[in-house]
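Naming: A, B, ... by sequence-line order, numbering from 1 per chain.
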Amino acid sequence: MTARKGEQRPAATLPVARVWVDVPLAHLDRPFDYLVPAQLAETAVPGCRVRVRFAGQQVDGFLAERVAESDFGGRLGFLSKVVSPEPVLAPEIAALARAVADRYAGTMIDVLRLAIPPRHARVEAEPPPEPSPVPGAPDPAAWRRYPRGPAFLEAVRAGRQAHAVWQALPGEDWPVRLAELATTAAAGERGAVLVVPDYRDVARVHAACVALAGEEAVVALSADAGPAKRYRRWLSVLRGGARIVVGTRASVFAPVHRPGVFVVWDDGDDLHADPHAPYPHVRDVLIQRAHAAGASLVVAGFARTAEAQLLVDSGWAPEIVAARAELRVASPRIVALGETDFQLARDPAARAARIPTVAFEAARAALAGGRPVLVQVPRGGYVPALACQQCRTPARCRRCAGPLGLPTAGRAAARPAGDVRSAARRAGEARAAVGRTAPERAERIGAPGSLFDAGPDEPARRGHVGVPADRAPGAGGLPDAPGGAVGRWEGPGGAGGGRNGTDHAPGGADGTARPPTCRWCGVPDTAFRCGACGSRRLRAIVVGAKRTAEELGRAFADVPVLSSGASEVLAEVPDRAALVVATPGAEPVARGGYGAALLLDGWALLGRADLRAGEEALRRWMLAAALVRPGNDGGRVVVAAESALAPVQALVRWDPVWHARQELAAREELGFPPAVRMASADGPADALATFLDELELPPSGEILGPVQVGDAERALVRTSRKDGRALATALATAQHVRTARKEPDSIRVRLDPLELI
DNA sequence: GCAATGAGCGTC
DNA sequence: ACGCTCATTGCT
């Protein structure tokens with residue numbers, strides 16, 4: 001397949017190959033043209049892997065397309081070699097990768113690295129699989145518990161495009177529901193991609209799909225398989241053998257033929273955010289892909305994210321939720337125990353474990369009935385944040401609403417407030433809040449003209465503009481706003497004096513010498529006052545529930561204790577009396593359902609220095625509580641958290657929709673994603689400063705920070721949603737400039753990063 | 001005044 | 001890791 005030197009002649013037809021070269025430089029993120037030598041005319045097919053000479057080096061690349069002529073002015077080189085004629089880059093995936101790269105201010109080749117697994121020559125030489133038999137459509141009966149469920153399945157069956165945000169009932173056998181969706185598509189000779197957080201979920205959903213659609217129709221793609229196995233399975237999808245793909249995040253790019261339905265399960269799980277550049281999120285990629293492919297999409301989970309709520313609010317996706325009557329039948333009985341309700345059990349052993357009566361009794365009853373009891377304990381290693389001493393609402397910066405923390409010696413506290421710039425300020429308007437001392441600033445926060453005011457270019461009304469489901473989710477690429485423009489965003493106090501708006505507290509916050517400091521913008525807050533209850537006292541969140549769980553084991557001395565966590569994760573536990581201690585995300589499934597669950601990780605989850613802390617706590621609680629039997633079958637859940645808190649109320653009432661609405665409203669008020677588009681930029685101080693200087697932001701653009709993060713610095717950049725595309729373009733352009741200049745330092749850019757501190 | 005040499009740069 | 005440009009050097 002190698003072209004020999006000297007005697008090269010271009011192919012007779014379509015002699016020009018457009019090639020994505022595998023170089024890491026942002027400013028080279030475009031195809032380069034090469035001549036196809038006559039002897040490679042047949043093998044140099046669109047989508048194949050090639051090697052080309054690029055700047056004197058041999059580099060890998062993907063052949064995007066063959067065309068008749070080039071518009072390059074200079075002399076073209078020849079392709080050096082066709083690595084393999086296998087067309088691994090399907091046109092659909094190429095378009096998707098381009099859109100994802102643009103959405104995340106990254107490069108095509110970075111996305112292709114995520115999308116296309118490494119080649120394995122021996123596997124490629126194996127004969128292609130037979131197309132799998134078309135399965136029959138499954139029985140949609142279980143979907144009748146959800147009013148719009150059967151209609152959605154019917155749309156998938158008929159090959160119509162439909163979107164949905166689905167909240168599963170507690171106890172729902174969701175792997176089987178996902179298998180039904182996939183098999184319904186496969187029955188119509190369409191493909192399906194089911195994306196789940198981890199390999200345990202892959203195994204469960206794969207088994208469910210095999211049971212419905214047959215072994216040959218389904219393939220499991222997850223990173224834990226070796227390279228040969230991985231490539232073989234992926235190839236079987238590419239070659240049309242398997243119609244249903246079950247996998248973890250990278251399978252969003254699986255080259256299924258004629259995709260009919262995409263599903264992301266538990267979209268709030270941070271495993272759905274790829275840790276490799278350009279850090280795409282499964283939900284975003286599937287929204288884009290479903291739209292481009294005319295396929296259906298389900299964003300699913302027990303809990304609902306603010307992002308999913310936005311899809312509903314904008315009219316992009318109708319919701320699939322059960323009626324309250326169904327929920328009453330399915331839900332375990334859930335109670336919350338705050339500190340005030342914390343009545344210790346009389347039993348001496350339980351007393352030693354500091355187990356409240358209600359929890360102790362719930363566990364005792366379940367164990368007496370021969371059923372396992374789930375005990376959810378926090379993982380170690382959460383960064384302690386500051387919260388209100390009195391009501392434990394996380395303490396937030398009054399200017400940018402970032403999380404407050406205690407500065408470690410010699411670090412973030414030193415950054416002056418003057419580092420904060422906004423596009424508006426650059427344009428010449430002096431803005432009020434910048435560079436003032438804290439009390440002065442506090443006075444100004446609620447006033448018009450603060451940094452958080454919606455600019456003149458923002459839409460005047462809050463709210464969403466609904467669009468028909470067949471409309472583009474965003475102009476020309478990934479949906480900047482699924483369903484178009486979303487209303488304006490404002491900071492604290494923007495509209496009518498919000499939560500933290502009018503505080504003007506004298507005196508120190510907690511009596512310490514070092515004032516609490518915002519982890520985002522670096523501004524110290526010498527006059528903290530809780531926005532929720534008005535208290536001026538702060539506390540650091542501390543955790544001790546792991547020990548509680550151990551002591552609980554002693555309280556039930558004759559019951560076996562099983563443990564599932566970071567070191568060893570159990571998939572399933574036997575259906576008999578046992579204490580199952582698990583960290584969030586590692587809860588084993590109990591076949592008949594747990595008799596009870598004790599959720600002891602409340603403060604650790606709610607106290608995380610993360611804007612998603614509440615949503616994340618609810619998500620993890622619901623995942624655990626969903627494993628418990630219905631209340632009328634004795635199922636009990638006890639959560640150790642203050643019942644006044646929104647996530648706790650949402651759990652007790654099993655109302656993920658109510659919580660998601662609140663969460664989204666709060667993000668709109670505070671100026672967090674998904675209400676705004678935000679990016680983080682990390683790098684050495686000097687390089688970052690230059691990078692930020694050169695950013696050409698849209699009018700709504702604003703820079704927070706930088707603040708010190710470890711050895712480097714981090715800034716946050718945000719714009720309104722409608723300027724999301726412009727933000728990504730600005731960041732990409734700034735990266736192009738840097739790599740073109742051969743700057744030695746690199747700046748890491750992430751859009752809408754999940755962890756924002 | 002101009003060839004010989006080398007560093008830097010773009011990259012088809 | 002090549003081949004191009006452009007600056008510097010050294011010789012007539």
* Just how far, in rounded Å, is P of C:dA1 from CZ of A:R53? -> 10 Å
* **A:F32 CZ - B:dG10 C1' separation (whole Å)** => 9 Å
* To do: Pull out every stem in DNA chain B, meaning runs of 3 or more consecutive Watson-Crick or G-U wobble pairs with both distances under 3.5 Å.
  => B:1-10 with C:2-11
* To do: Return the value, rounded to whole Å, for the distance between atom CD of A:E743 and atom P of B:dG10.
  => 13 Å
* Asked: Can you check the A:D33 CG to B:dG10 C1' distance for me, whole Å?
  -> 17 Å
* Checking all strands, does A:R30 fall into the base, sugar-phosphate, or nothing category for heavy-atom contacts under 4.0 angstrom? -> base
* Going by atom types alone, do A:D284 and A:Y104 pair a side-chain donor with an acceptor below 3.5 Å? -> yes
* Are A:S80 and A:Q58 linked by a side-chain donor-acceptor pair shorter than 3.5 Å? -> yes
* **Euclidean distance, atom CD of residue A:Q8 to atom C1' of B:dC12 [Å, nearest integer]** => 14 Å
* To do: Have a look at A:L28 and say if it touches a base, only the backbone sugar-phosphate, or nothing, with a 4.0 Å heavy-atom cut-off.
  => base
* To do: Let me know the distance between CZ of A:R51 and C1' of C:dA1, rounded to the nearest Å.
  => 13 Å
* Structure fact -> Among the nucleotides C:dC2, C:dA1, B:dC12, whichever has the atom closest to the side chain of A:F54 is B:dC12
* Quick one: A:Q57 CD to B:dC12 C1', roughly how many Å, whole number? -> 15 Å
* Positions of residues 69-77 of chain A (non-hydrogen atom under 4.0 Å from DNA chain B), listed by number -> A:F72, A:R75, A:L76, A:G77
